[in-house]
2 protein chains.
Amino acid sequence: MKNYNNVENCPVRNVIDRIGDKWSMLVLLVLEEGEVMRFSEIHKTIETISQKMLTVTLKALEADGLVSRTVYPQIPPKVEYQLTERGKSLLPHLHSLVGWAVDNMVNIKQSRKEYAAELS
Amino acid sequence: MKNYNNVENCPVRNVIDRIGDKWSMLVLLVLEEGEVMRFSEIHKTIETISQKMLTVTLKALEADGLVSRTVYPQIPPKVEYQLTERGKSLLPHLHSLVGWAVDNMVNIKQSRKEYAAELS
DNA sequence: CGGGATCCTAATAGATACTG
DNA sequence: CAGTATCTATTAGGATCCCG
């Protein structure tokens with residue numbers, strides 16, 4: 001049996017730590033559709049994210065080399081984001097997961113209801 | 001552009017809310033290897049998880065119909081867990097993601113270092 | 001053995017105000 | 001416009017004790 005305890009070097013933990021937060025996966029999918037997008041464009045597409053969390057999420061994705069950030073030094077400032085090659089290479093796997101989610105969401109919701117009903 | 005704001009019905013958000021927590025993905029992968037496992041066996045395999053979080057995680061997976069739970073009413077109690085068909089159907093997609101993580105982990109770590117160095 | 005109940009802390013996320 | 005800084009609320013997670 002494999003060793004699942006070394007969090008530091010475990011690729012499983014490594015990948016879910018990055019995309020498993022509240023917004024990263026969503027931002028990646030939005031950037032895939034938009035190709036090149038300004039900060040405010042992303043924000044408009046995901047209205048429910050706060051400005052702070054969008055900043056934090058983009059910085060984390062940038063640090064991992066999944067998203068590139070281009071600053072145009074003008075006033076008012078203009079900053080563009082787009083997927084890097086590494087970021088693009090991740091997307092098929094995300095879509096695979098999303099596809100499964102779409103196919104199973106209805107049944108899962110039903111299971112949750114039944115499970116909750118059993119407890120009462 | 002798609003609507004990414006309805007969290008309740010968004011399959012993306014739905015799937016990451018389930019597998020994006022600290023332990024779910026790991027438990028699913030362990031159960032795949034072990035096939036049928038008792039609570040204590042899973043706990044031994046993932047030493048770093050607390051008893052409480054293993055309980056919470058297994059309950060959530062059970063509620064979603066990804067894992068089945070069989071109780072043998074004896075003393076001391078014996079409880080066995082295994083993947084359901086739905087759980088098994090999710091695993092290829094997780095492996096797809098893990099594969100990507102393995103391939104890219106080294107480069108990502110390097111990117112993080114460089115990014116951190118730029119800030120100083 | 002497989003939890004449940006309780007308490008506590010740390011990490012995460014949101015609101016708001018401010019700025020080059 | 002694209003953030004930063006600060007503060008607060010919420011949540012996830014861990015430690016400990018208990019019980020059939």
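As the structure is a prediction and not an experimental result, all values here were calculated from the model.
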Within the structure, does a side-chain N or O atom of [X] lie under 4.0 Å from either OP1 or OP2 of [N]?
{"X": "B/Arg69", "N": "C/dG3", "result": "yes"}
{"X": "A/Lys52", "N": "C/dT12", "result": "no"}
{"X": "B/Ser40", "N": "C/dG2", "result": "yes"}

(Q) Once you apply a heavy-atom cut-off of 4.0 Å, does A/Tyr72 come out as touching a base, just sugar-phosphate, or nothing? (A)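 No contact.
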Q) Short question: side chain of A/Ser111, backbone of A/Asn107 - any donor-acceptor pair under 3.5 Å? A)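 Such a contact is found between A/Ser111 side chain and A/Asn107 backbone.
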Q | Main-chain N/O of B/Arg38 paired with B/Glu41 side-chain donor or acceptor, under 3.5 Å | A |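 Pair found, side chain donor or acceptor close to backbone of B/Arg38.
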Using whole Å, what does the distance between atom [atom2] of nucleotide [N] and atom [atom1] of [X] come to?
{"X": "A/Lys59", "N": "D/dG3", "atom1": "NZ", "atom2": "P", "answer": "6 Å"}
{"X": "A/Met53", "N": "D/dA5", "atom1": "CE", "atom2": "C1'", "answer": "15 Å"}
{"X": "A/Lys78", "N": "D/dC1", "atom1": "NZ", "atom2": "P", "answer": "13 Å"}
{"X": "A/Asp21", "N": "D/dG13", "atom1": "CG", "atom2": "P", "answer": "13 Å"}
{"X": "A/Tyr81", "N": "D/dC1", "atom1": "OH", "atom2": "P", "answer": "14 Å"}
{"X": "A/Gln74", "N": "D/dA2", "atom1": "CD", "atom2": "C1'", "answer": "12 Å"}
{"X": "A/Glu62", "N": "D/dG3", "atom1": "CD", "atom2": "P", "answer": "9 Å"}
{"X": "B/His43", "N": "C/dG2", "atom1": "NE2", "atom2": "C1'", "answer": "11 Å"}

Q. Is the number of heavy atoms from other residues, nucleotides or ligands within 6.0 Å of CG (B/Leu119) greater than 12?
A.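 Yes, enclosed.
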